[in-house]
Amino acid sequence: MDHSNDCLEYRNATPVEVVAPASKSLSHRYLIGAALARGESTVRHTLESADIEATREILCGVGAHMKPICADGNAEIAGWHVWGMGGAPKGGADAPKDCDVRESGTTCRLLTAVLAAGSGLFKIFGSGRMHERPIGELCNVLASLGCGIDYEDNKDFPPFILKAQGLNPGLVDGLVKIGMDNSSQYFSGLLLAAPLASSPLCIELAGRKAISWPYVGLTLQCLEDFGIAFQVQTRPRLGTPWNDLQTSTWQNLSEARPGCMRIRIWPGAYRPGTYLVEGDWSGASYFLAAGALGRRPVRVAGLKANSLQGDRAILNILEKMGAKIKIEPDAVTVFPSRLHGVDLDMGSCPDLVPTVATLAIFASGSTRIRNVAHLRLKESDRIAAPAMELCKTGAVIDALSDGLLISGRGTARNHGGEQKLLQSDAALSAHNDHRIAMALALLEMREPGLCVRERLDDASVVRKSFPNFWELWGALQ
């Protein structure tokens, strides 16, 4: 059967309307900023998820106080009243203060640096794969600034004890170097902690490459909003003079090169105030991808068109694959489209890989995803896990050292009488990973009647970042 005109026909359908969840990355950062400030702040439209709950509980355990805003179901108004600790976090004197990061890598890395800038003893530990996720590079820098680190099991991995007595940049002549080969969160954690230090601290990008740079941009946006003074400097190559970047310039940085970018932060107080968390491009990506694969356009509201979030790259990826897109100042609509394979460097937007891998199996030609080797260190192995699950549809996928090679099966749709994507007895695994579960939901866009939620071994894993995902997803059916 010829389905070549399917996409054109479906483009004229009435769009399905959904609202993007709040940004998880900015929810972490703004709650941290408000908790460190002196006085009362209001942080509205925060994401309510397991990861954010872990961050809130730790912040409240070391000196902050938070109370939910009653908003009668209005998510944009909802959020938290925060009474900040007015300075550095306080740990235990004789016994460590327990700091359970659960399965949140963001909580672990950002708060490890922030707590190290405080005083007292803190025990950092988690669950799931957290004790298999390295943090030694960050801890080494914190140790050079005067923090004691005692690993309880394996060196360079949680659980460990922080012996904090403030950060002293004088011990390193005001300069530390840290890489982003495996995570940008080490760098972001130091940025958030640096205003609490005893003197100015310059953080220089080291290592071999810089993955997920846009997340550092979000951290700088947070610092600027909270009144923290900093200066971004770059240079064209090693050995050349440093150049100061103005705000309008650093906000346009799409990448950073090791040895050629550094940020100086001055000591200062986080400013209390009222803050609004923007919509999350990561959470929205599943619905935007559904617009390209499904039978009706999907309009996602609550997205900031000029956002610094790295996962805004989903728009460029969809366009590169051939999707028709309409962009508004606060919303995006994606229309049913015939997709084709592409070659993608996804080092700056790794969280999108499971989504793009699912898109790619319905494209014509092959898709190569590269520069994401660090995905093997996430909640699951996000290179092996998508390959394993998507192969159950009959797709041909090779898991490579730094990404995936996907042979697309083309754009023909299942109208009910054709071979199904999954055998009736085929089960799916989320691999205890929220992003794998949500990406697999996209299979429903090409097989009417398929219910991925019922096939998954743990559909509730989405609570980590998007608790009401399945409820909103139901609007697409």
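All values derive from a computational prediction rather than experimental measurement.
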I want to know whether Phe160 and Phe125 have ring centres closer than 6.0 Å. no
Please confirm whether Tyr30 and Trp80 have ring centers closer than 6.0 angstrom. no
Between [Y] and [X], is there a salt bridge with N-O shorter than 4.0 Å?
| X | Y | value |
| --- | --- | --- |
| Asp402 | Arg370 | no |
| Glu444 | Arg453 | no |
| Glu137 | Lys177 | no |

Donor-acceptor pair, Asp280 side chain versus Gly283 backbone, under 3.5 Å? yes
Below 30° counts as parallel, above 60° as perpendicular, anything between as tilted: where do the rings of Phe466 and Phe469 land? perpendicular
Please, which pairs that meet side chain to side chain donor-acceptor pair (under 3.5 Å) have at least one residue in residues 185-202, sequence neighbours excluded? Thr106-Gln185, Arg109-Gln185, Ser188-Thr219
Looking at Lys304, I want to see if its NZ is surrounded by more than 12 non-hydrogen atoms of other residues, nucleotides or ligands under 6.0 Å. yes
If you draw a 6.0 Å radius around NZ in Lys163, do more than 12 non-hydrogen atoms from other residues or ligands fall strictly inside? no
Begin from the C-alpha positions of Tyr286 and Arg435 and carry the test side-chain hydrogen bond (donor to acceptor under 3.5 Å, both in side chains) through to its verdict. CA-CA 9 Å; Tyr286 311 103; Arg435 301 214 180 275; 3.0 Å; yes
The single option from Lys24, His28, Arg102 that satisfies side-chain hydrogen bond (donor to acceptor under 3.5 Å, both in side chains) with Thr55 is His28
